[in-house]
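First the structure, in the form of structure tokens, and then the observations on it.
Every number for a ligand or one of its atoms is a count from 1 in the order of the listing.
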Amino acid sequence: MAKIIFPKNFEWGAATASYQIEGAYDEDGKGESIWDRFTHQKGNIVNNDTGDVACDHYHRYQEDVELMKEIGLDTYRFSISWPRILPAGKGKINQKGIDFYKRLVDELLKAGIKPAATLYHWDLPQKLQENGGWENRDTVKYFNEYAQIMYRELGDQISRWITHNEPMVVSMVGNLWGEHAPGFKDQQKALQVAHNVLLSHGMAVQSFRESGIEGEVGITLNLNHVYPNSESKKDQIAKDYCDAFNNRWFLDPVFKGRYPEKLMALYQEKFDNPFVMQTGDLEIISRDIDFLGINYYSRAVVEYDENELLNFKTNKPEAADYTAMDWEVYPQGLTDLLKRLDQEYTKKPIFITENGAAYDDQIAEDGRVHDQKRVDYLEQHFQAAHQAIKEGVNLAGYYAWSLMDNFEWAFGYDKRFGIIYVDYENDQQRILKDSARLLKKVIENNGLEK
Ligand code: BGC
């Protein structure tokens with residue numbers, strides 16, 4: 001491997017999300033979220049784990065910022081818990097919730113770390129779910145009000161805002177596959193949720209512009225580049241449907257103000273009225289953003305299957321490396337994806353807002369965590385990102401997922417994604433893994449010395 005150097009202003013960071021790390025699920029006036037409700041119902045999560053305590057970051061944030069400083073992060077991406085700010089999702093503000101994020105942001109700024117805040121990383125106030133959650137268009141309005149509160153309270157200190165994390169997962173995994181809160185299995189509901197989440201993104205972008213605060217606003221999409229299983233025409237069709245379902249259903253409205261035609265036609269054929277959209281919605285959704293955030297973990301390989309609703313099924317390539325999530329390690333997919341975004345969607349800065357891998361980490365006899373596989377994974381993806389930059393992509397930064405081991409949604413604490421090990425059993429002790437040491441070195445050199 002050759003030595004690689006990133007552009008001068010390239011930003012290095014790590015990411016987390018409120019429900020996955022904070023704990024303190026009912027402290028200081030916080031309201032219940034759909035994830036509190038979902039995890040408290042037995043059978044939804046591996047080992048019936050919950051985020052009640054998680055990494056106890058709510059109380060240990062100072063120690064955690066210290067560790068970020070030790071690694072040398074330029075920037076830290078975290079999310080704000082909506083029900084901490086507005087326990088009922090709307091109406092009365094919980095000042096103690098706002099104060100927590102003010103303390104966190106102060107600490108970050110003191111450490112010279114640039115905060116990047118995600119407004120929605122899946123913890124919808126349960127009270128809003130009781131009125132239909134994201135399926136109800138009123139939630140769009142309440143999200144926008146919540147966004148306005150955060151811009152007002154923290155807009156002078158936070159200069160990078162991400163409206164939503166992964167609308168595809170919110171809508172499909174939570175409402176079509178039922179694996180995430182709120183746990184529905186309903187195609188039309190999922191499509192309505194996707195539309196309303198995107199609409200709320202556009203409204204929050206508009207409010208950001210109107211607020212006059214300085215900084216940048218964007219959205220984070222989970223994108224996995226899709227490859228056909230063969231050169232056949234049919235597999236090509238499968239690839240197009242999968243790409244439309246996973247990627248373009250979200251990219252096209254945001255960047256082009258329209259939904260992918262063929263997939264829309266297919267939904268219309270299967271359902272009378274797949275979802276409700278009002279005139280002007282697409283215009284709002286496609287408001288100009290300042291950057292695109294992408295989360296990249298793996299690719300998809302698909303083949304044609306006429307028995308599937310969307311004509312494709314996913315294949316698992318043999319002779320490949322897999323992570324503990326059973327996700328294929330495929331760094332080339334990151335380069336291909338970035339080039340595609342550059343060619344078809346945007347010349348604006350792109351941030352990799354998540355990339356990383358779960359492995360079964362152990363504390364070694366020397367007290368350290370030698371996560372060589374994660375080190376290899378990260379190095380390969382740094383190379384892949386660098387390759388895209390070399391080919392002209394406007395890639396502006398990289399956030400590792402995750403700063404620390406945390407509550408991995410349906411998998412609970414069973415899967416560890418952190419570059420910092422969290423010893424939940426032993427007073428939540430934090431241990432820098434070898435991957436954190438790698439990132440520290442990469443940041444120092446702004447590249448890889450190989
Ligand atoms: C999410 C994270 C999650 C990660 C690994 C992304 O879908 O944004 O919250 O932990 O992937 O599954």
query = Do Arg160 and Phe351 meet the cation-pi criteria used here (NZ or CZ under 6.0 Å from the six-membered ring centre, within 45° of the axis)?
reply = yes
ask   = Between Tyr120 and Trp122, does the ring centre distance come in under 6.0 Å?
value = no
inquiry  = I'd like to know if the side chain of Lys348 and the backbone of Ile289 have a donor-acceptor N/O pair within less than 3.5 Å.
reply    = yes
message = Within the 4.0 Å heavy-atom shell around Glu166, which atoms of ligand 1 are there?
response = 1 (C), 6 (C), 7 (O), 8 (O)
message = Please identify which of these residues, Tyr413, Phe417, Tyr424, meets the ring pair (Phe, Tyr, Trp, His ring centres under 6.0 Å) condition with Phe407.
response = Tyr413
ask   = Applying a strict 4.0 Å limit to heavy atoms, is Tyr19 in contact with ligand 1?
value = no
Contacts of type salt bridge (charged side-chain N to carboxylate O under 4.0 Å, His left out), residue Asp371, not counting sequence neighbours = Arg374
query = Among protein heavy atoms, which lies nearest atom 1 (C) of ligand 1, and at what distance?
reply = Glu354 OE1, 3.3 Å
ask   = Which residue and non-hydrogen atom of the protein lie closest to atom 10 (O) of ligand 1, and at what distance in Å?
value = Glu408 OE1, 2.6 Å
key: Protein contact to atom 4 (C) of ligand 1 [nearest heavy atom, distance to 0.1 Å]   = Tyr297 OH, 3.4 Å
note = Counting from 1 in the order shown, the ligand 1 atoms closer than 4.0 Å to a non-hydrogen atom of His121 are 1 (C), 2 (C), 8 (O), 9 (O)
request  = Please confirm whether Trp409 comes under 4.0 Å of ligand 1, counting heavy atoms of the residue only.
outcome  = yes
ask   = Closer than 4.0 angstrom: is that true for some heavy atom of Asn165 and an atom of ligand 1?
value = yes
inquiry  = What's the separation between atom CG in Leu448 and atom CG in Leu438, rounded to the nearest 0.5 Å?
reply    = 6.5 Å
